Amino acid sequence: MKQLLIILLFTFFLFTSCNRNEKSTSLSEFQPLDSVVFDQDLKKVGERLFFDKQLSVDNTVSCASCHIPALAFTDGIKLSQGIHQRLAKRNSPTLTGVVHQDKFMWDGGVETLEMQALVPLQDTNEMGSRVSELILTLEKDRWYDSMSKRLYNHSFNAYTLTRALGHFQRSLYKENSVFDDWKNHDKNVSESIKRGFTLFNEELNCAACHSGRNFTNNKLENNGLYSDYPDLGRYIISGDSNDIGKFKVPTLRNIEITAPYMHDGSLETLEKVIDHYQKGGENHINKSDLIQPFKLSKAEKTDLINFLKSLTDKDLKSHWEKVFN
(Lines give C-alpha, C1' and ligand atoms only; values in the text may rest on other atoms or scores of the structure.)
Protein backbone atom coordinates (compact mmCIF):
# COMPACT_ATOMS: atom_id res chain seq x y z
CA MET A 1 0.00 0.00 0.00
CA LYS A 2 2.82 2.33 0.93
CA GLN A 3 4.61 1.54 -2.37
CA LEU A 4 1.41 2.25 -4.33
CA LEU A 5 1.05 5.60 -2.56
CA ILE A 6 4.65 6.51 -3.41
CA ILE A 7 4.09 5.58 -7.07
CA LEU A 8 0.91 7.68 -7.22
CA LEU A 9 2.62 10.66 -5.61
CA PHE A 10 5.57 10.38 -8.00
CA THR A 11 3.23 10.13 -11.00
CA PHE A 12 1.32 13.20 -9.82
CA PHE A 13 4.57 15.14 -9.34
CA LEU A 14 5.82 14.11 -12.83
CA PHE A 15 2.52 15.05 -14.47
CA THR A 16 2.28 18.48 -12.82
CA SER A 17 5.98 19.14 -13.51
CA CYS A 18 5.50 18.35 -17.23
CA ASN A 19 2.47 20.59 -17.34
CA ARG A 20 4.41 23.46 -15.80
CA ASN A 21 7.22 22.99 -18.28
CA GLU A 22 4.79 22.74 -21.19
CA LYS A 23 3.03 25.92 -20.07
CA SER A 24 6.33 27.73 -19.68
CA THR A 25 7.47 26.64 -23.16
CA SER A 26 4.18 27.66 -24.72
CA LEU A 27 4.28 31.10 -23.13
CA SER A 28 7.84 31.64 -24.31
CA GLU A 29 6.85 30.68 -27.85
CA PHE A 30 4.20 33.39 -27.92
CA GLN A 31 6.64 36.21 -27.31
CA PRO A 32 7.05 38.79 -30.13
CA LEU A 33 9.11 37.42 -33.01
CA ASP A 34 11.66 39.23 -35.12
CA SER A 35 10.61 39.86 -38.73
CA VAL A 36 12.69 37.02 -40.22
CA VAL A 37 11.34 34.37 -37.86
CA PHE A 38 7.82 35.79 -38.21
CA ASP A 39 8.00 35.53 -42.01
CA GLN A 40 9.36 31.98 -41.85
CA ASP A 41 6.70 30.82 -39.41
CA LEU A 42 3.86 32.49 -41.28
CA LYS A 43 5.06 30.82 -44.48
CA LYS A 44 5.11 27.43 -42.69
CA VAL A 45 1.51 27.88 -41.60
CA GLY A 46 0.48 29.00 -45.09
CA GLU A 47 2.23 26.07 -46.75
CA ARG A 48 0.61 23.54 -44.44
CA LEU A 49 -2.80 25.11 -45.02
CA PHE A 50 -2.21 25.09 -48.77
CA PHE A 51 -1.77 21.30 -48.78
CA ASP A 52 -4.41 20.56 -46.12
CA LYS A 53 -7.58 18.83 -47.37
CA GLN A 54 -9.37 19.82 -44.17
CA LEU A 55 -10.03 23.11 -45.92
CA SER A 56 -12.67 21.45 -48.12
CA VAL A 57 -16.05 20.50 -46.71
CA ASP A 58 -15.54 16.76 -47.35
CA ASN A 59 -11.75 16.62 -46.76
CA THR A 60 -11.03 15.64 -50.37
CA VAL A 61 -9.62 18.82 -51.91
CA SER A 62 -6.77 21.13 -50.92
CA CYS A 63 -5.51 24.30 -52.59
CA ALA A 64 -2.73 22.14 -54.05
CA SER A 65 -5.27 19.90 -55.77
CA CYS A 66 -5.84 22.66 -58.32
CA HIS A 67 -2.45 24.36 -57.95
CA ILE A 68 0.13 21.60 -58.30
CA PRO A 69 3.71 22.79 -57.61
CA ALA A 70 5.26 20.74 -60.43
CA LEU A 71 2.88 22.43 -62.89
CA ALA A 72 3.82 25.93 -61.75
CA PHE A 73 0.83 25.79 -59.40
CA THR A 74 -1.73 25.01 -62.09
CA ASP A 75 -3.34 21.60 -62.65
CA GLY A 76 -2.89 20.83 -66.35
CA ILE A 77 -6.58 20.43 -67.15
CA LYS A 78 -9.19 22.64 -68.75
CA LEU A 79 -11.37 23.08 -65.66
CA SER A 80 -10.36 21.99 -62.18
CA GLN A 81 -12.25 19.30 -60.29
CA GLY A 82 -13.54 20.21 -56.86
CA ILE A 83 -15.67 18.45 -54.27
CA HIS A 84 -18.11 15.76 -55.45
CA GLN A 85 -16.35 15.76 -58.85
CA ARG A 86 -17.80 19.18 -59.64
CA LEU A 87 -15.97 21.33 -62.19
CA ALA A 88 -14.73 24.83 -61.50
CA LYS A 89 -16.09 27.60 -63.69
CA ARG A 90 -12.69 28.72 -65.04
CA ASN A 91 -9.19 27.43 -65.67
CA SER A 92 -6.84 27.30 -62.70
CA PRO A 93 -4.26 30.11 -63.09
CA THR A 94 -0.63 29.87 -62.02
CA LEU A 95 0.22 31.30 -58.61
CA THR A 96 3.83 32.10 -59.47
CA GLY A 97 4.04 35.86 -59.64
CA VAL A 98 0.96 36.75 -57.56
CA VAL A 99 3.26 38.88 -55.39
CA HIS A 100 3.39 41.36 -58.30
CA GLN A 101 -0.37 41.40 -58.96
CA ASP A 102 -2.86 44.00 -57.77
CA LYS A 103 -6.06 42.16 -58.61
CA PHE A 104 -7.09 38.51 -58.51
CA MET A 105 -9.40 36.01 -60.18
CA TRP A 106 -9.76 36.01 -63.97
CA ASP A 107 -12.22 38.88 -63.78
CA GLY A 108 -10.11 40.93 -61.36
CA GLY A 109 -12.99 40.95 -58.91
CA VAL A 110 -10.87 40.54 -55.77
CA GLU A 111 -8.30 43.13 -54.74
CA THR A 112 -6.12 41.22 -52.24
CA LEU A 113 -4.72 37.72 -51.91
CA GLU A 114 -6.17 37.53 -48.42
CA MET A 115 -9.70 38.09 -49.74
CA GLN A 116 -9.03 35.83 -52.72
CA ALA A 117 -8.32 32.89 -50.42
CA LEU A 118 -11.93 32.96 -49.27
CA VAL A 119 -13.34 32.55 -52.78
CA PRO A 120 -12.35 28.93 -53.59
CA LEU A 121 -12.86 27.96 -49.94
CA GLN A 122 -16.55 28.88 -50.16
CA ASP A 123 -17.22 28.09 -53.83
CA THR A 124 -19.61 25.13 -53.95
CA ASN A 125 -17.89 23.83 -57.09
CA GLU A 126 -14.44 23.94 -55.50
CA MET A 127 -14.02 23.46 -51.73
CA GLY A 128 -17.53 24.19 -50.47
CA SER A 129 -16.63 25.18 -46.92
CA ARG A 130 -18.26 27.65 -44.58
CA VAL A 131 -15.47 29.74 -43.15
CA SER A 132 -17.09 29.98 -39.71
CA GLU A 133 -17.27 26.18 -39.46
CA LEU A 134 -13.82 25.70 -41.00
CA ILE A 135 -12.25 27.97 -38.38
CA LEU A 136 -13.78 25.92 -35.58
CA THR A 137 -12.21 22.79 -37.09
CA LEU A 138 -8.77 24.30 -37.60
CA GLU A 139 -8.77 25.97 -34.19
CA LYS A 140 -8.90 22.48 -32.65
CA ASP A 141 -5.67 21.58 -34.43
CA ARG A 142 -3.07 22.20 -31.73
CA TRP A 143 -0.32 23.10 -34.20
CA TYR A 144 -2.39 25.65 -36.10
CA ASP A 145 -3.68 27.18 -32.88
CA SER A 146 -0.29 27.39 -31.18
CA MET A 147 1.30 28.89 -34.29
CA SER A 148 -1.47 31.48 -34.48
CA LYS A 149 -0.81 32.43 -30.86
CA ARG A 150 2.92 32.55 -31.56
CA LEU A 151 2.41 34.84 -34.56
CA TYR A 152 -0.53 37.01 -33.55
CA ASN A 153 -1.13 36.28 -29.86
CA HIS A 154 -4.64 34.97 -30.51
CA SER A 155 -6.28 31.66 -31.33
CA PHE A 156 -6.47 30.48 -34.92
CA ASN A 157 -9.07 32.48 -36.83
CA ALA A 158 -9.89 33.79 -40.31
CA TYR A 159 -7.23 36.49 -39.99
CA THR A 160 -4.50 33.88 -39.47
CA LEU A 161 -5.93 31.68 -42.22
CA THR A 162 -5.99 34.37 -44.91
CA ARG A 163 -2.70 36.03 -43.93
CA ALA A 164 -0.83 32.73 -43.89
CA LEU A 165 -2.18 31.57 -47.26
CA GLY A 166 -1.44 34.95 -48.82
CA HIS A 167 2.09 35.01 -47.41
CA PHE A 168 2.89 31.54 -48.70
CA GLN A 169 1.64 32.35 -52.18
CA ARG A 170 3.70 35.55 -52.33
CA SER A 171 6.80 33.50 -51.59
CA LEU A 172 6.42 31.44 -54.78
CA TYR A 173 7.90 34.04 -57.14
CA LYS A 174 11.39 33.41 -58.55
CA GLU A 175 13.49 34.90 -61.30
CA ASN A 176 15.38 31.72 -62.03
CA SER A 177 14.87 31.13 -65.74
CA VAL A 178 17.18 31.00 -68.74
CA PHE A 179 15.81 34.41 -69.71
CA ASP A 180 16.70 35.80 -66.26
CA ASP A 181 20.22 34.40 -66.57
CA TRP A 182 20.56 36.25 -69.84
CA LYS A 183 19.07 39.57 -68.81
CA ASN A 184 20.11 39.73 -65.16
CA HIS A 185 23.45 37.91 -65.24
CA ASP A 186 24.62 38.33 -68.83
CA LYS A 187 24.81 34.59 -69.50
CA ASN A 188 24.71 33.23 -73.03
CA VAL A 189 21.47 32.01 -74.54
CA SER A 190 20.66 30.60 -77.96
CA GLU A 191 20.26 32.91 -80.94
CA SER A 192 16.75 31.50 -81.34
CA ILE A 193 15.76 32.85 -77.91
CA LYS A 194 17.21 36.24 -78.76
CA ARG A 195 15.33 36.38 -82.04
CA GLY A 196 12.13 35.28 -80.31
CA PHE A 197 12.51 38.03 -77.72
CA THR A 198 12.95 40.63 -80.45
CA LEU A 199 9.80 39.37 -82.15
CA PHE A 200 7.91 39.42 -78.86
CA ASN A 201 9.17 42.75 -77.62
CA GLU A 202 9.48 44.83 -80.77
CA GLU A 203 8.00 43.44 -83.95
CA LEU A 204 4.80 41.91 -82.60
CA ASN A 205 4.47 44.25 -79.59
CA CYS A 206 3.33 41.44 -77.29
CA ALA A 207 5.00 43.43 -74.51
CA ALA A 208 2.21 46.00 -74.70
CA CYS A 209 0.21 43.60 -72.52
CA HIS A 210 2.87 41.17 -71.27
CA SER A 211 5.33 43.62 -69.76
CA GLY A 212 7.53 44.05 -66.70
CA ARG A 213 9.33 41.48 -64.63
CA ASN A 214 6.19 39.34 -64.38
CA PHE A 215 5.27 39.67 -68.08
CA THR A 216 1.83 41.13 -67.47
CA ASN A 217 0.45 44.64 -67.18
CA ASN A 218 -2.20 43.31 -64.77
CA LYS A 219 -4.94 44.88 -66.86
CA LEU A 220 -8.22 43.39 -68.03
CA GLU A 221 -8.52 42.92 -71.78
CA ASN A 222 -10.79 41.30 -74.36
CA ASN A 223 -8.38 39.35 -76.56
CA GLY A 224 -10.92 38.25 -79.15
CA LEU A 225 -11.11 34.67 -77.97
CA TYR A 226 -14.78 34.50 -78.95
CA SER A 227 -17.23 36.49 -81.03
CA ASP A 228 -19.90 35.50 -78.49
CA TYR A 229 -18.59 34.91 -74.97
CA PRO A 230 -20.27 32.13 -72.94
CA ASP A 231 -18.47 33.56 -69.89
CA LEU A 232 -18.98 37.33 -69.81
CA GLY A 233 -15.85 37.99 -67.75
CA ARG A 234 -15.49 41.36 -66.03
CA TYR A 235 -19.06 42.26 -67.00
CA ILE A 236 -20.30 39.90 -64.27
CA ILE A 237 -18.55 42.13 -61.73
CA SER A 238 -19.12 45.57 -63.21
CA GLY A 239 -22.39 45.28 -65.14
CA ASP A 240 -20.78 47.47 -67.81
CA SER A 241 -21.30 46.13 -71.35
CA ASN A 242 -17.86 47.48 -72.28
CA ASP A 243 -16.43 44.80 -69.98
CA ILE A 244 -17.96 41.81 -71.75
CA GLY A 245 -15.22 39.31 -72.56
CA LYS A 246 -12.55 41.11 -70.55
CA PHE A 247 -10.24 38.94 -68.46
CA LYS A 248 -7.00 39.55 -66.62
CA VAL A 249 -3.83 39.47 -68.71
CA PRO A 250 -1.93 36.45 -67.31
CA THR A 251 1.75 36.25 -66.51
CA LEU A 252 3.90 34.45 -69.08
CA ARG A 253 6.36 33.13 -66.52
CA ASN A 254 6.39 29.32 -66.61
CA ILE A 255 4.06 29.44 -69.61
CA GLU A 256 5.72 26.31 -71.00
CA ILE A 257 4.18 24.14 -68.28
CA THR A 258 0.87 25.86 -67.52
CA ALA A 259 -1.23 24.54 -70.43
CA PRO A 260 -4.08 24.61 -71.29
CA TYR A 261 -4.37 28.35 -71.80
CA MET A 262 -6.96 31.15 -71.58
CA HIS A 263 -9.58 31.69 -68.87
CA ASP A 264 -11.46 28.57 -69.95
CA GLY A 265 -8.52 26.35 -70.87
CA SER A 266 -9.73 26.24 -74.47
CA LEU A 267 -6.30 26.42 -76.15
CA GLU A 268 -4.18 23.33 -75.45
CA THR A 269 -0.76 24.39 -76.76
CA LEU A 270 1.47 27.42 -77.25
CA GLU A 271 1.23 26.83 -81.00
CA LYS A 272 -2.56 27.24 -80.83
CA VAL A 273 -2.20 30.39 -78.73
CA ILE A 274 0.09 31.92 -81.35
CA ASP A 275 -2.29 30.83 -84.12
CA HIS A 276 -5.12 32.63 -82.33
CA TYR A 277 -3.22 35.90 -82.15
CA GLN A 278 -1.74 35.49 -85.61
CA LYS A 279 -5.19 35.56 -87.19
CA GLY A 280 -6.15 38.57 -85.05
CA GLY A 281 -8.66 36.76 -82.88
CA GLU A 282 -12.40 36.64 -83.38
CA ASN A 283 -14.47 39.74 -84.04
CA HIS A 284 -15.97 41.26 -80.91
CA ILE A 285 -16.94 44.84 -80.23
CA ASN A 286 -14.79 44.95 -77.08
CA LYS A 287 -11.71 43.32 -78.56
CA SER A 288 -8.55 45.25 -77.72
CA ASP A 289 -7.13 47.38 -80.54
CA LEU A 290 -3.78 45.75 -79.76
CA ILE A 291 -5.01 42.45 -81.20
CA GLN A 292 -4.05 42.70 -84.86
CA PRO A 293 -3.29 39.91 -87.35
CA PHE A 294 0.31 39.19 -88.27
CA LYS A 295 2.33 36.67 -90.24
CA LEU A 296 5.12 34.45 -88.96
CA SER A 297 7.30 32.01 -90.83
CA LYS A 298 7.73 28.54 -89.38
CA ALA A 299 11.22 29.50 -88.17
CA GLU A 300 9.93 32.69 -86.51
CA LYS A 301 7.19 30.76 -84.75
CA THR A 302 9.83 28.37 -83.40
CA ASP A 303 11.93 31.31 -82.20
CA LEU A 304 8.95 32.87 -80.43
CA ILE A 305 8.11 29.61 -78.68
CA ASN A 306 11.74 29.11 -77.66
CA PHE A 307 11.70 32.56 -76.07
CA LEU A 308 8.48 31.75 -74.20
CA LYS A 309 10.00 28.52 -72.94
CA SER A 310 13.02 30.45 -71.69
CA LEU A 311 10.72 32.02 -69.07
CA THR A 312 10.35 28.72 -67.18
CA ASP A 313 11.93 28.53 -63.74
CA LYS A 314 14.85 26.09 -64.06
CA ASP A 315 14.22 24.27 -60.79
CA LEU A 316 10.54 23.96 -61.56
CA LYS A 317 11.26 22.76 -65.08
CA SER A 318 13.60 20.07 -63.79
CA HIS A 319 11.01 18.85 -61.31
CA TRP A 320 8.25 18.99 -63.89
CA GLU A 321 10.27 16.90 -66.35
CA LYS A 322 10.99 14.25 -63.71
CA VAL A 323 7.35 13.98 -62.72
CA PHE A 324 5.65 14.18 -66.08
CA ASN A 325 8.18 12.68 -68.51
Side-chain angles (χ1 to χ4, degrees), residues 22 25-26 29-30 33 37-96 98-99 101 104-106 109-173 316 319 323:
E22 187 173 287
T25 302
S26 297
E29 287 180 347
F30 302 153
L33 306 174
V37 175
F38 180 90
D39 287 349
Q40 290 173 343
D41 283 356
L42 189 58
K43 180 182 173 183
K44 287 178 186 176
V45 177
E47 184 171 13
R48 179 165 169 175
L49 285 166
F50 191 83
F51 289 91
D52 193 341
K53 292 184 178 180
Q54 288 186 94
L55 270 62
S56 62
V57 69
D58 60 359
N59 298 321
T60 61
V61 176
S62 71
C63 303
S65 299
C66 302
H67 298 283
I68 302 166
L71 287 177
F73 295 89
T74 62
D75 59 9
I77 56 179
K78 186 175 180 179
L79 299 174
S80 302
Q81 185 171 288
I83 58 170
H84 311 308
Q85 289 76 52
R86 296 171 184 167
L87 294 180
K89 300 175 183 71
R90 293 171 181 162
N91 181 255
S92 180
T94 179
L95 299 181
T96 56
V98 292
V99 66
Q101 295 178 16
F104 304 91
M105 314 302 291
W106 276 104
V110 181
E111 295 184 353
T112 69
L113 265 180
E114 285 70 27
M115 292 300 294
Q116 186 279 330
L118 299 174
V119 177
L121 283 175
Q122 300 177 99
D123 192 310
T124 53
N125 280 31
E126 296 186 42
M127 302 176 88
S129 290
R130 291 184 179 179
V131 173
S132 57
E133 295 174 0
L134 174 62
I135 295 303
L136 292 176
T137 298
L138 297 178
E139 186 182 15
K140 294 174 185 176
D141 186 303
R142 292 182 63 185
W143 189 84
Y144 282 136
D145 200 52
S146 65
M147 288 298 284
S148 181
K149 289 172 181 173
R150 174 173 163 84
L151 290 162
Y152 296 116
N153 201 29
H154 58 63
S155 295
F156 190 90
N157 59 15
Y159 184 92
T160 306
L161 171 73
T162 56
R163 267 62 188 177
L165 282 171
H167 193 72
F168 170 67
Q169 291 176 79
R170 289 187 182 95
S171 75
L172 301 176
Y173 180 78
L316 201 59
H319 186 58
V323 172

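Quantities reported herein were computed from a predicted structural model and do not represent experimental measurements.
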Give the minimum heavy-atom separation between [X] and [Y], together with the two atoms involved.
{"X": "F104", "Y": "Q116", "answer": "CB-CG, 3.8 Å"}
{"X": "T94", "Y": "V98", "answer": "O-CG1, 4.4 Å"}
{"X": "R150", "Y": "D41", "answer": "NE-OD2, 2.6 Å"}
{"X": "V99", "Y": "R170", "answer": "CB-O, 3.6 Å"}
{"X": "V45", "Y": "M147", "answer": "CG2-CB, 3.7 Å"}
{"X": "M105", "Y": "G109", "answer": "CB-N, 4.5 Å"}

key: salt bridge (Lys or Arg N to Asp or Glu O under 4.0 Å) between K43 and D39, intermediate numbers included   = CA-CA 6 Å; K43 180 182 173 183; D39 287 349; over 6 Å; no
inquiry  = For Q54, I'd like to know if atom CD has over 12 heavy atoms of other residues, nucleotides or ligands within 6.0 Å.
reply    = yes
Just distance, no hydrogens or angles: give the donor-acceptor pairs under 3.5 Å from side chains in residues 69-78, sequence neighbours left out.
residue, atom, partner, partner atom, Å
T74, OG1, L71, O, 2.6
D75, OD1, I77, N, 3.3
D75, OD2, S80, OG, 2.4

inquiry  = Less than 4.5 Å apart, side chain to side chain, heavy atoms only: is that true for F168 and L113?
reply    = no
Side chain to side chain contact (heavy atoms under 4.5 Å, CB included) evaluation trace for S155 with D145 = CA-CA 5 Å; S155 295; D145 200 52; 3.3 Å; yes
Could you tabulate the donor-acceptor pairs under 3.5 Å formed by side-chain atoms of residues 156-166, not counting sequence neighbours?
residue, atom, partner, partner atom, Å
N157, OD1, Y159, N, 3.1
N157, OD1, T160, N, 3.1
N157, OD1, T160, OG1, 3.4
N157, ND2, H154, ND1, 3.4
T160, OG1, S148, OG, 2.8
T162, OG1, A158, O, 2.9
T162, OG1, Y159, O, 3.3

query = Taking I83 as the fixed residue, which of N59, T60, N125, T124 is the one that meets the side-chain contact (heavy atoms from CB on, under 4.5 Å) rule?
reply = T60
query = So which pairs with a foot in residues 115-128 pass salt bridge (charged side-chain N to carboxylate O under 4.0 Å, His left out), sequence neighbours left out?
reply = K89-D123
key: Sidechain-backbone polar pair: H67 side chain, P93 backbone, donor-acceptor under 3.5 Å   = yes
